Protein chains: 2
Amino acid sequence: MNSATRQKIIEAAMELFWVKGFQSTSIADILSRTQVHSGSLYHFFPGKQDLLVAVLEYYRDGIEENLLAYAWKDVDDPIERIFALLNGYRIMLVTSDFAHGCPIGNLALEISEPDPKVRELIAKNFSNWVDAVEQCLVDAGPRLPADTDRKALAEFILTIMEGGIMQARTHRDIALFDRNIEVLRTHLDLLMREAERAIA
Amino acid sequence: MNSATRQKIIEAAMELFWVKGFQSTSIADILSRTQVHSGSLYHFFPGKQDLLVAVLEYYRDGIEENLLAYAWKDVDDPIERIFALLNGYRIMLVTSDFAHGCPIGNLALEISEPDPKVRELIAKNFSNWVDAVEQCLVDAGPRLPADTDRKALAEFILTIMEGGIMQARTHRDIALFDRNIEVLRTHLDLLMREAERAIA
DNA sequence: GTCTATAAGGTGATAGAC
DNA sequence: GTCTATCACCTTATAGAC
């Protein structure tokens, strides 16, 4: 069942979990931001954990239209799509003055003893992201060496995004992120050069 | 000023922050684990934040003897020292059944509005780690291309460590970490091959 | 430096009228 | 579905004797 109130709660919780984290966001924070009252919130969500689950489901269901469609609307080249996606996170870091990191990555490290449902939803969010990047690498076809493990490389790219955000936020310096992306660029260039050599 | 009680508190807090996170660790948790009473704890640490600062200073001051000396005691080759260091985190993940991630990385993402002292200490812990890896890359000398930015590459390696741990913990599957390290290995191999070609 | 007792406020969650 | 009122608990932190 869906309703405007329910949706409003999810979106407020999403924003607050993103910026403050799950533990540091109180139910009172969400109530005051939404102008919803406690009774309504608990009508939709039996507990705070259930709200977290709903937020993670919302991310999971929206990756295509909220993230990928936006990042890729002007980019067709599969390799450049990867960098366009990464650049989306860069813009988010800069425009939020480092308040917004990766919402999933934050939760992944914060939730130490997650109930299985939460952990699996975080994992699913990661693997959907990895699948999308893997598809780019598959679409790059013979530009990469034939024996390149494209899934492993896609996981590697998620790792770089997460680690790059972590370092950039900690130092409050986007150059950390940029240098990480540059090294990734070097790596892909080296792979593509290898592939060219194999053909020649 | 230092005392056995103070040290006992720091070590308990370190372990608890590591496993449960900072917010989720209560003062009562620390008191019950140490058998110290509230009055003593607040005698040494005016507030919970000050305890966090002390823990981060403890990490910062111990990186050489608690982390590097151990990881490198049987390894001299500078490139292999990097993989030995990374393997230390791998062992930690496996032996703790994914309870222990990177203590600094966890805090880096959990603390959203850190007071400046906390953020700077986290940054210092990161940069000390990066400096150590950078030194390995410098020591690798001509095995890497002359124009390789060794600082940027060291930052990249920290990123991979952090992102690899994040993914492995989320999926509760060490293979995620291993595949990340394998791609890094490929990257360094490609760089070393480039360097050889430049000489020839 | 350590102990006991306790304060002051925030937390997630509930009851029950409407 | 929404509102008000409120509970029971846990949190960080303090007071003051020893």
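Quantities reported herein were computed from a predicted structural model and do not represent experimental measurements. These numbers come from the heavy atoms of this one structure, side chains and all, not from hydrogens, waters or symmetry mates.
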Looking at A:V118, A:D61, A:L51, which one forms a side-chain contact (heavy atoms from CB on, under 4.5 Å) with A:L56?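 Going through A:V118, A:D61, A:L51 one by one, the side-chain contact (heavy atoms from CB on, under 4.5 Å) with A:L56 is satisfied by A:V118 alone.
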Minimum-distance nucleotide (side-chain atoms of [X] versus [options]):
X	options	answer
A:Y42	D:dA13, C:dT14, C:dC3	C:dT14
A:K48	D:dT4, D:dT12, C:dA13	C:dA13
B:F44	C:dT2, D:dG1, D:dT4	C:dT2

DNA chain C-proximal residues of residues 13-35 of chain A, any heavy atom under 4.0 Å: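 A:T25, A:S26, A:I27 - these, ordered by number, are the residues of the stretch whose heavy atoms sit under 4.0 Å from the strand.
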I want to confirm an ordering. Mapping B:H37 and A:G39 to their closest nucleotides on DNA chain C, which one lands closer to the 5' end?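 Nearer the 5' end of the strand: B:H37.
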Does the structure place the NZ or CZ of [X] under 6.0 Å from the centre of the six-membered ring of [Y], at an angle of no more than 45° from the ring's axis?
X	Y	result
A:K73	A:Y70	yes
B:K151	B:F156	no
A:K48	A:F22	yes

Tell me whether the side-chain N or O atoms of A:S38 pair up with the base of D:dT4 as donor and acceptor below 3.5 Å, since no angle test is needed here.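 Donor-acceptor pair under 3.5 Å: no.
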Nearest-angstrom distance from the residue atom [atom1] of [X] to [atom2] of [N]:
X	N	atom1	atom2	value
A:K8	D:dG1	NZ	P	14 Å
B:H43	D:dA15	NE2	P	16 Å
B:F45	C:dT2	CZ	C1'	15 Å
A:Q49	C:dA13	CD	C1'	14 Å
A:I9	C:dG12	CD1	P	14 Å

Pairing of B:E194 and A:R197 as salt bridge, 4.0 angstrom limit: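 Yes, B:E194 and A:R197 are salt-bridged.
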Any Lys/Arg nitrogen of A:R179 or B:D149 sitting under 4.0 Å from an Asp/Glu carboxylate oxygen of the other?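 Salt bridge: no.
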